[in-house]
Chemist: 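What follows is a single structure, and I will ask about it in a moment.
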2 protein chains.
Amino acid sequence: MVDLIADSRRLNPVTATGNEQAPVRKRMPRAERERQMLTVAEEIFAARGFVATSMDEIAERVGVSKPMLYEYFGSKEGLLIGTIRQARAELRRSTEEAVLGAIDIEDALRKGLVAFFEFITSHRQSWSLLRNEGALMANSAGSEVEQTRQQQTNLMTALMQGFAPTVDEKSREAAAEILVGACERLATWCEHRDEVTPVQAAEYIMRACWYGMLAEFRGDAQNA
Amino acid sequence: MVDLIADSRRLNPVTATGNEQAPVRKRMPRAERERQMLTVAEEIFAARGFVATSMDEIAERVGVSKPMLYEYFGSKEGLLIGTIRQARAELRRSTEEAVLGAIDIEDALRKGLVAFFEFITSHRQSWSLLRNEGALMANSAGSEVEQTRQQQTNLMTALMQGFAPTVDEKSREAAAEILVGACERLATWCEHRDEVTPVQAAEYIMRACWYGMLAEFRGDAQNA
DNA sequence: CGATGATGTTACTACAAGTAGGTTACCGAT
DNA sequence: ATCGGTAACCTACTTGTAGTAACATCATCG
């Protein structure tokens with residue numbers, strides 16, 4: 001209809017008339033474009049929420065047309081999953097890296113916790129995605145994301161295994177879930193309270209859960 | 001304009017031609033219709049998820065036209081909030097009732113936990129709503145629901161207060177958040193494992209968190 | 001140069017949220 | 001008994017957004 005817009009856009013690749021701010025839509029390799037899309041999508045999804053976000057808006061902010069998003073991610077949910085996967089990968093990398101330098105299991109847990117809370121305070125956008133990831137995955141691609149999430153607890157489970165090998169499998173799994181749940185909720189709580197430092201948050205978790213588990217598991221180990 | 005359709009509809013209230021299955025749409029008082037809508041909506045939201053559910057489908061299953069839903073709940077999100085509010089009210093009632101008969105604080109916590117896990121195993125639909133409630137509330141009516149959710153932790157906070165009055169406010173709040181988070185995650189975990197009984201789940205929580213907090217808070221109280 | 005495939009676009013369809021304005025059944029008062 | 005008046009309800013529409021088909025353009029390598 002309004003061909004003025006289309007025409008002006010068509011001028012873009014060529015050097016603009018001079019006074020225009022050069023919204024230069026350049027072609028770029030797939031990988032780079034993909035990262036750019038994920039960056040923009042994460043920002044908007046985190047700000048407005050999944051439902052209130054439109055693909056048109058993301059496309060516009062990226063400086064590309066909507067079918068490109070579908071070319072790269074298949075669907076709106078696919079795009080969301082992309083952002084979630086990226087965010088979770090970064091979180092995972094941060095925590096695993098922090099754990100590597102630990103001297104014993106308690107130290108590993110504490111360092112992992114601190115890294116986790118540091119991540120969620122410095123990457124609020126990513127966290128607000130991860131926090132809600134389970135919500136929209138009722139039927140479709142839920143399993144894939146659920147699997148990724150599972151990896152989060154696997155680290156915990158591994159720690160548990162090293163710490164309390166004699167305790168039965170199910171109790172260890174439950175303990176890992178409890179720890180993760182506690183962390184997630186406390187992280188959300190911290191969002192409204194900037195005065196709580198990551199170290200402090202980690203300490204809350206340690207005091208509330210770890211020392212209790214320690215006593216309990218040690219007791220179990222002796223009883224068994 | 002197309003009065004043919006209107007005419008055929010007009011036949012509905014009157015007894016149908018005979019072989020039809022009597023889609024008799026009866027009028028009913030507001031309160032009753034509202035409850036009916038919430039029941040259907042909860043079922044469909046829980047089954048398909050918020051995004052994949054259409055208002056048309058809910059309206060059809062209720063046996064009413066779409067504008068009715070908007071008359072009663074204002075928007076799709078309003079309808080969701082209605083179902084969440086109802087589910088949370090029921091959960092709250094269950095747990096508070098269970099706590100009343102307790103003889104001390106530890107007993108109160110244990111009874112509350114058992115009631116919680118019993119609720120989420122017997123009301124899976126309600127739980128799958130509550131579990132994800134935070135996801136869609138990025139900007140709009142989030143505060144209202146968040147407030148309701150806050151009440152969930154208030155009971156915990158109150159218990160903490162009674163149990164460890166000398167511990168500073170913030171630690172107590174954090175402890176309450178941790179407990180709630182642990183419960184939520186463990187509840188989701190239990191969904192895939194029918195062999196875990198509510199009593200068992202409650203025991204997991206008690207062992208992981210409570211005894212630890214007990215020792216820790218008692219220690220703090222002595223230090224302070 | 002010119003073919004080929006990757007990157008990108010316009011212009012559409014289908015469907016769902018939300019609304020304007022009119023209709024019908026119930027209920028209480030005359 | 002019947003006749004307003006109102007609460008419950010409907011049809012038919014607009015608007016907006018996910019998703020798609022078919023076409024266009026840039027880059028690169030023979």
Side-chain angles (χ1 to χ4, degrees), chain A residues 1-15 23-37 41 44-45 48-81 136 140-141, chain B residues 1-15 23-37 41 44-45 48-81 136 140-141:
Chain A
M1 291 179 178
V2 187
D3 284 342
L4 290 172
I5 297 174
D7 280 347
S8 75
R9 189 191 46 72
R10 197 161 295 151
L11 287 177
N12 270 334
V14 192
T15 324
V24 198
R25 296 184 177 178
K26 245 178 43 187
R27 289 197 176 206
M28 53 180 68
R30 205 177 175 87
E32 189 181 348
R33 186 63 94 189
E34 189 172 315
R35 255 176 300 150
Q36 190 193 7
M37 286 173 174
I44 303 187
F45 278 144
R48 301 216 206 316
F50 179 76
V51 182
T53 300
S54 82
M55 295 294 269
D56 288 284
E57 184 183 356
I58 296 176
E60 191 185 6
R61 289 266 300 260
V62 171
V64 93
S65 69
K66 191 167 54 166
M68 278 289 95
L69 295 178
Y70 286 90
E71 169 72 23
Y72 279 63
F73 296 97
S75 69
K76 188 182 181 184
E77 188 169 312
L79 180 54
L80 176 70
I81 290 180
L136 308 153
S140 50
Chain B
M1 289 180 175
V2 187
D3 285 342
L4 291 172
I5 298 173
D7 279 348
S8 75
R9 187 191 48 74
R10 200 161 294 150
L11 286 178
N12 267 336
V14 191
T15 322
V24 199
R25 296 183 178 178
K26 242 180 45 186
R27 284 186 183 216
M28 53 178 69
R30 205 178 175 88
E32 189 181 348
R33 185 63 93 188
E34 189 172 316
R35 256 175 300 148
Q36 189 193 7
M37 286 173 175
I44 303 187
F45 278 144
R48 301 215 206 314
F50 180 75
V51 182
T53 300
S54 82
M55 294 293 268
D56 288 284
E57 184 183 357
I58 297 176
E60 191 183 6
R61 289 266 300 260
V62 172
V64 94
S65 70
K66 193 168 51 166
M68 278 290 93
L69 295 177
Y70 287 90
E71 168 73 24
Y72 279 64
F73 296 98
S75 69
K76 188 181 182 183
E77 188 170 314
L79 180 54
L80 176 69
I81 290 180
L136 308 153
S140 50

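It should be emphasised that the depicted structure is a prediction, and the values quoted were computed from it without experimental measurement. Throughout, a chain's letter reflects where its sequence line sits, starting with A, and its residues are numbered from 1.
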Chemist: For B:L79 and B:M55, run side chain to side chain contact (heavy atoms under 4.5 Å, CB included): C-alpha distance rounded to whole Å, both residues' side-chain angles, the deciding distance at 0.1 Å, then the answer.
Modeler: CA-CA 9 Å; B:L79 180 54; B:M55 294 293 268; 4.1 Å; yes
Chemist: Work out which heavy atom in B:V62 is nearest to a heavy atom in B:Q36; give both atom names and the distance.
Modeler: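 Scanning both residues, the minimum pair turns out to be O-NE2, 3.4 Å.
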Chemist: How far apart are the closest heavy atoms of B:M37 and B:F73, and which atoms are they?
Modeler: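 Closest approach of B:M37 to B:F73: SD-CE1, 3.8 Å.
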Chemist: Is there a donor and acceptor pair closer than 3.5 Å between the side chain of B:K66 and the base of C:dA16?
Modeler: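 Under the 3.5 Å cut-off, the side chain and the base do not form any donor-acceptor pair.
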Chemist: Strictly under 4.0 angstrom, non-hydrogen atoms only: write out the protein contact profile of nucleotides 2-7 of chain D, one letter per nucleotide from the 5' end, B, S or -.
Modeler: -----B
Chemist: In whole angstrom, give the distance that lies between atom CZ of B:R48 and atom P of C:dA16.
Modeler: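 B:R48 atom CZ is separated from C:dA16 atom P by 11 Å.
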Chemist: What integer distance in Å separates B:D56:CG from C:dT19:P?
Modeler: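 Value for this atom pair: 14 Å.
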Chemist: Between A:R33 and C:dG8, does any side-chain N or O lie under 4.0 Å from OP1 or OP2?
Modeler: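 So the side chain of A:R33 is within the cut-off, an N or O lying under 4.0 Å from OP1 or OP2 of C:dG8.
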Chemist: For B:Y70 and C:dG21, give me the distance from atom OH to atom C1', rounded to whole Å.
Modeler: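 B:Y70 atom OH is separated from C:dG21 atom C1' by 18 Å.
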Chemist: Just the rounded figure in Å: distance from C1' of C:dA16 to NZ of B:K76.
Modeler: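 So the two atoms are 8 Å apart, to the nearest Å.
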Chemist: Closest approach to the side chain of B:P67, judged atom by atom: which nucleotide of C:dG8, C:dA11, D:dC10 is it?
Modeler: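 From the listed options, D:dC10 comes nearest.
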Chemist: For a quick test of reading the model: is some side-chain N or O of A:Y72 closer than 4.0 Å to OP1 or OP2 of C:dG8?
Modeler: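 Answer yes for this pair, as a side-chain N or O of A:Y72 is under 4.0 Å from OP1 or OP2.
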Chemist: In whole Å, I'd like the distance from the CE atom of A:M28 to the C1' atom of D:dA27.
Modeler: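 In whole Å, D:dA27 C1' lies 15 Å from A:M28 CE.
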Chemist: Output the rounded distance in Å from CD (A:E71) to C1' (D:dT25).
Modeler: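 So the two atoms are 15 Å apart, to the nearest Å.
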Chemist: Can you give me the closest heavy-atom contact between A:S65 and A:A59, atom names plus distance?
Modeler: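 The pair with the smallest heavy-atom distance is C-CB, 3.9 Å.
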Chemist: What's the CE-P distance between A:M55 and C:dC12, to the nearest Å?
Modeler: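 Rounded to whole Å, this separation is 21 Å.
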Chemist: Roughly, in whole Å, what's the span from CD in A:E34 to C1' in C:dA6?
Modeler: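 A:E34 atom CD is separated from C:dA6 atom C1' by 15 Å.
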Chemist: Starting the side chain at C-beta, find the nucleotide from C:dA16, C:dT7, D:dG19 nearest to A:M68.
Modeler: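 Out of C:dA16, C:dT7, D:dG19, the nucleotide with an atom closest to A:M68's side chain is C:dT7.
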Chemist: Taking all heavy atoms of A:G78 and all of A:S75, pick out the closest pair and write down the distance.
Modeler: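 Taking A:G78 first and A:S75 second, the nearest heavy atoms are N-OG, 3.0 Å.
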Chemist: Pick out which of A:K66, A:K76, A:R61 makes a salt bridge (charged side-chain N to carboxylate O under 4.0 Å, His left out) with A:D56.
Modeler: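 Going through the options one by one, the only one that passes is A:K66.
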Chemist: Could you walk me through whether A:E71 and A:R30 pass the side chain to side chain contact (heavy atoms under 4.5 Å, CB included) check?
Modeler: CA-CA 11 Å; A:E71 169 72 23; A:R30 205 177 175 87; 3.7 Å; yes
Chemist: If you check the A:S54 side chain, which of D:dC9, D:dT17, C:dT10 turns out closest?
Modeler: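 Shortest atom-to-atom distance from the side chain points to D:dT17.
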